[in-house]
Amino acid sequence: MTAKEKPVSQQDTAEKSFTLTNDQTGENWKLPVKEGTAGPPVIDIRSLYADTGHFTMDPSFTSTGSCKSRLTFIDGEEGILMHRGYSIQELTEQSSFLEVSYLLLYGDLPTVEQLKGFHKKITYHTMVNEQIHYFFRGFRRDAHPMAIMCGVVGALSAFYHDSLDIWDPRQRDISAQRLIAKMPTLSAMTYKYSMGQPFMYPRNDLNYAENFLYMCFGVPAEPYEVNPIHARAIDNIFILHADHEQNASTSTVRLAGSSQANPFACIASGIASLWGPAHGGANQAVLEMLAEIGSVDNIPEYIAKAKDKDDPFRLMGFGHRVYKNRDPRATVLRDSAHEVLHDLGIDNDPTLELAMALEKIALEDEYFVDRKLFPNVDFYSGIILRALGFPSTMFPVLFALARTVGWISQWKEMIEEPSLRIGRPRQLYTGPAARPYVPIDGRA
Ligand code: SDX
């Protein structure tokens, strides 16, 4: 692990500071610097407006930290991702999604007994209220599954009135368990609904990933045997998507939660944000892009389009706000794609071949090298999910399913902060100066 660890004594101390000077008046303000366990220190500016009468501006938050967090650390230069100090490589090699969920929620890896108890709790919350089946009936069969998920996950707050008190630790815990447990069931229901097939009820004899595959691909007419390699691949994909610091959808959940909205509504807001093709919707867009490129011969034309400032086309699955080196998740997923396709007897999948050719050509092109545009988590995930039988519209749903534990763990960490306040950014106003109302017959 190359993350530069600092002794605890240096953490969170205000002994360091920056001085801000107003060049017009010569006034100076001392801004405290805070340091964490690893990663860049922060300049604490919360008193800046009160002290200076000025706001800061950082429209897409390239230099702004929104919170302190103990969950996930990313080092974009070194390509490091760790959860509560454990590297994503070791977690995908040795852990399971439920164990990583426990780690994110409660802060450490569970003992045998703790994991058994957590597994039992999640298992016994996998069913959804039968009334929710009627919500699905209102959607067109060809509705995008993310549209359905936004609706039905938000609607969970219409059913679980016994776990909406965000100040009660027991209710926070039950809500987290219900969300982690029910996301696979609801996700599978969106898939079944799009196929016109009956919903499959969860089974308590299957583990988390097996149960999800069973609810998606099983049918009442015959027994369904879960392929253990598929289950392991899905569990790995869930681990890789579990949490990722303060990304757009997690920041959406935190901002929604800061108004003290209930956890189900907050997770629904995260689903809505994740759906965007610049974020979690990219895995679907990657497959659609590869289908459009069609063959290796066409790659140069699309590389040129991606570089053309007048063309809105972007190489989907490439680039990342934080990773300016390889996205460690993409590396794990690329290896997993080979393994899953090999186990499926698909040794020369044209889509995977095309993806690898595209990656090679792009990473030899100075436009991508200069901008440090490497493949991200979304570049390979879709190839695996398609090989497992999922349509591309389901890819963001699986991303949301896995990210729910990250969202709810970040939400829980925020609610448990003693200094919780509603998030309320300001602005630089550039609209018209004050002017009198003009009655309609006086307007040109
Ligand atoms: C996820 O934040 C997270 O952690 C997200 C995530 C998570 O786990 O939560 O990791 C999941 O969202 C992964 C990203 C999935 N999105 C895509 O694959 C969509 C394609 N990539 C991009 O649109 C883009 O790279 C972003 C959105 C991922 C990052 O955007 P930034 O950081 O705002 O970068 P930018 O748009 O300012 O681009 C910088 C330069 C620009 O060129 P110049 O103006 O400097 O000449 O790089 C270019 C961009 O035009 N660029 C691309 C490109 N991505 C950036 N050019 C072509 N193809 C691309 N994919």
Side-chain angles (χ1 to χ4, degrees), residues 39 58-66 69 71-76 79-83 88 100 104 146 237-254 270-290 293 299 301-333 355 358-359 361-363 365-383 392 395-396 398-407 409-410:
D58 185 9
S60 54
F61 311 120
T62 44
S63 305
T64 295
S66 61
S69 180
L71 268 73
T72 293
F73 174 71
I74 304 171
D75 183 322
I80 288 171
L81 166 58
M82 57 185 192
H83 296 309
I88 195 65
V100 171
L104 285 168
M146 285 295 267
I237 284 178
F238 289 167
I239 293 173
L240 289 164
H241 288 78
D243 190 51
H244 211 242
E245 203 210 65
Q246 306 311 319
N247 57 84
S249 53
T250 298
S251 300
T252 303
V253 170
R254 277 183 172 260
I271 293 171
S273 170
L274 185 77
W275 190 4
H279 191 13
N283 49 22
Q284 174 182 345
V286 167
L287 258 290
E288 288 162 359
M289 173 189 74
L290 291 172
I293 294 175
I299 289 178
E301 174 199 343
Y302 282 85
I303 295 273
K305 279 167 65 71
K307 292 157 64 171
D308 178 356
K309 288 299 163 217
D310 298 325
D311 189 328
F313 175 80
R314 284 200 161 180
L315 223 45
M316 301 313 279
F318 272 79
H320 198 278
R321 172 62 58 75
V322 176
Y323 288 123
K324 300 309 172 191
N325 195 317
R326 286 198 169 282
D327 180 335
R329 302 167 297 175
T331 308
V332 174
L333 282 167
L358 177 61
E359 177 185 12
I361 295 169
L363 295 186
D365 184 297
E366 65 176 25
Y367 173 94
F368 292 89
V369 174
D370 290 353
R371 290 167 181 78
K372 301 183 177 180
L373 301 176
F374 293 95
N376 58 46
V377 66
D378 292 300
F379 189 62
Y380 284 104
S381 58
I383 291 168
S392 61
F395 296 176
L398 273 74
F399 196 148
L401 185 169
R403 185 55 56 89
T404 292
V405 66
W407 288 329
S409 300
Q410 298 265 357

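Indexing begins at 1, ligand by ligand and atom by atom, following the structure's order.
- Taken from CG in D243 to OG1 in T72, the straight-line distance is 3.5 Å, to the nearest 0.5 Å.
- For the ligand labelled ligand 1, residue A248 lies outside the 4.0 Å heavy-atom shell.
- Remark: the D58 side chain and the T62 side chain contain an N/O donor-acceptor pair separated by less than 3.5 Å.
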Can I271 and M146 be said to form a side chain to side chain contact (heavy atoms under 4.5 Å, CB included), step by step? CA-CA 7 Å; I271 293 171; M146 285 295 267; 3.8 Å; yes
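- In this structure, atom 1 (C) of ligand 1 has a protein heavy-atom contact shorter than 4.0 Å.
- The shortest N/O to N/O separation between G317 and ligand 1 falls below 3.5 Å.
- Between L315 and ligand 1, at least one N/O pair is under 3.5 Å apart.
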Does H320 form a ring-ring contact (aromatic ring centres under 6.0 Å, His included) with H244? I'd like the steps, not just the answer. CA-CA 12 Å; H320 198 278; H244 211 242; 5.5 Å; yes
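- Here the closest non-hydrogen pair linking V377 and D327 is N-OD2, 2.9 Å.
- At a 4.0 Å heavy-atom cut-off, ligand 1 does not touch A285 at all.
- Remark: distances from the non-hydrogen atoms of Y367 to ligand 1 include one below 4.0 Å.
- Atom 14 (C) of ligand 1 has N376 ND2, 3.5 Å as its closest protein atom, hydrogens excluded (heavy atom only).
- Within ligand 1, the atoms closer than 4.0 Å to a non-hydrogen atom of A282 are 15 (C), 16 (N), 17 (C), 18 (O), numbered from 1 in the order shown.
- For the side chain to side chain contact (heavy atoms under 4.5 Å, CB included) with I303, the lone residue among I293, D308, I361 that qualifies is I361.
- Protein heavy atoms are absent from the space less than 4.0 angstrom from atom 39 (C) of ligand 1.
- Salt bridge status for E359 with R326: present, with a side-chain N to carboxylate O gap under 4.0 Å.
- The protein atom (non-hydrogen) at minimum distance from atom 55 (C) of ligand 1 is L373 CD2, 3.6 Å.
- Backbone and side-chain nitrogen or oxygen atoms of F318 are examined, and one is located within less than 3.5 angstrom of a nitrogen or oxygen of ligand 1.
- Counting the atoms of ligand 1 from 1 in the order shown, those under 4.0 Å from a heavy atom of A306 are 57 (C).
- Residue contacts with ligand 1: D327 is placed with no nitrogen or oxygen under 3.5 Å of a nitrogen or oxygen of the ligand (distance criterion only).
- Among protein heavy atoms, the minimum distance from atom 6 (C) of ligand 1 is reached at H320 NE2, 3.7 Å.
- With a 6.0 Å cutoff to the six-membered ring centre and a 45° limit on the axis angle, R314 does not count as a cation-pi contact of F318.
- The minimum heavy-atom distance linking S69 with Q246 is given by the pair CB-NE2, 3.9 Å.
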For F379 and N283, run side chain to side chain contact (heavy atoms under 4.5 Å, CB included): C-alpha distance rounded to whole Å, both residues' side-chain angles, the deciding distance at 0.1 Å, then the answer. CA-CA 6 Å; F379 189 62; N283 49 22; over 6 Å; no
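- Counting protein heavy atoms only, atom 28 (C) of ligand 1 is closest to G319 O, 3.6 Å.
- Outside the 6.0 Å centre-distance limit, the rings of F374 and Y323 are not counted as a close aromatic pair.
- Environment of CD in E301: crowded, with over 12 heavy atoms of neighbouring residues, nucleotides or ligands closer than 6.0 Å.
- Using 4.0 Å as the threshold, V322 has no heavy atom nearer than that to any atom of ligand 1.
- Among the atoms of G280, none of the N or O lies under 3.5 angstrom from an N or O of ligand 1.
- For atom 19 (C) of ligand 1, the nearest protein heavy atom (residue, atom name, distance) is M316 CE, 3.6 Å.
- Atom numbering of ligand 1 starts at 1 in the shown order; those under 4.0 Å from a heavy atom of R321 are 29 (C), 31 (P), 32 (O), 33 (O).
- Of the listed options R371, R314, R329, R314 places a heavy atom closest to atom 49 (C) of ligand 1.
- A centroid separation of 6.0 Å or more is found between the aromatic rings of F395 and H241.
- Considering only non-hydrogen atoms, atom 4 (O) of ligand 1 lies nearest to H244 out of H244, K372, H279, R403.
- Of all heavy-atom pairs spanning G79 and P328, the tightest one is O-CG, 3.3 Å.
- Taken from CG in D378 to CG in L287, the straight-line distance is 10.5 Å, to the nearest 0.5 Å.
- The option from H241, M289, K309, K324 that lies nearest to atom 42 (O) of ligand 1, judged by heavy atoms, is K309.
- If you number the atoms of ligand 1 from 1 as listed, the ones under 4.0 Å from a heavy atom of D378 come out as 1 (C), 13 (C), 14 (C), 15 (C).
- Protein heavy atoms all stay at least 4.0 Å away from atom 34 (O) of ligand 1.
- Atom 27 (C) of ligand 1 has its closest protein heavy atom at A278 O, 3.9 Å.
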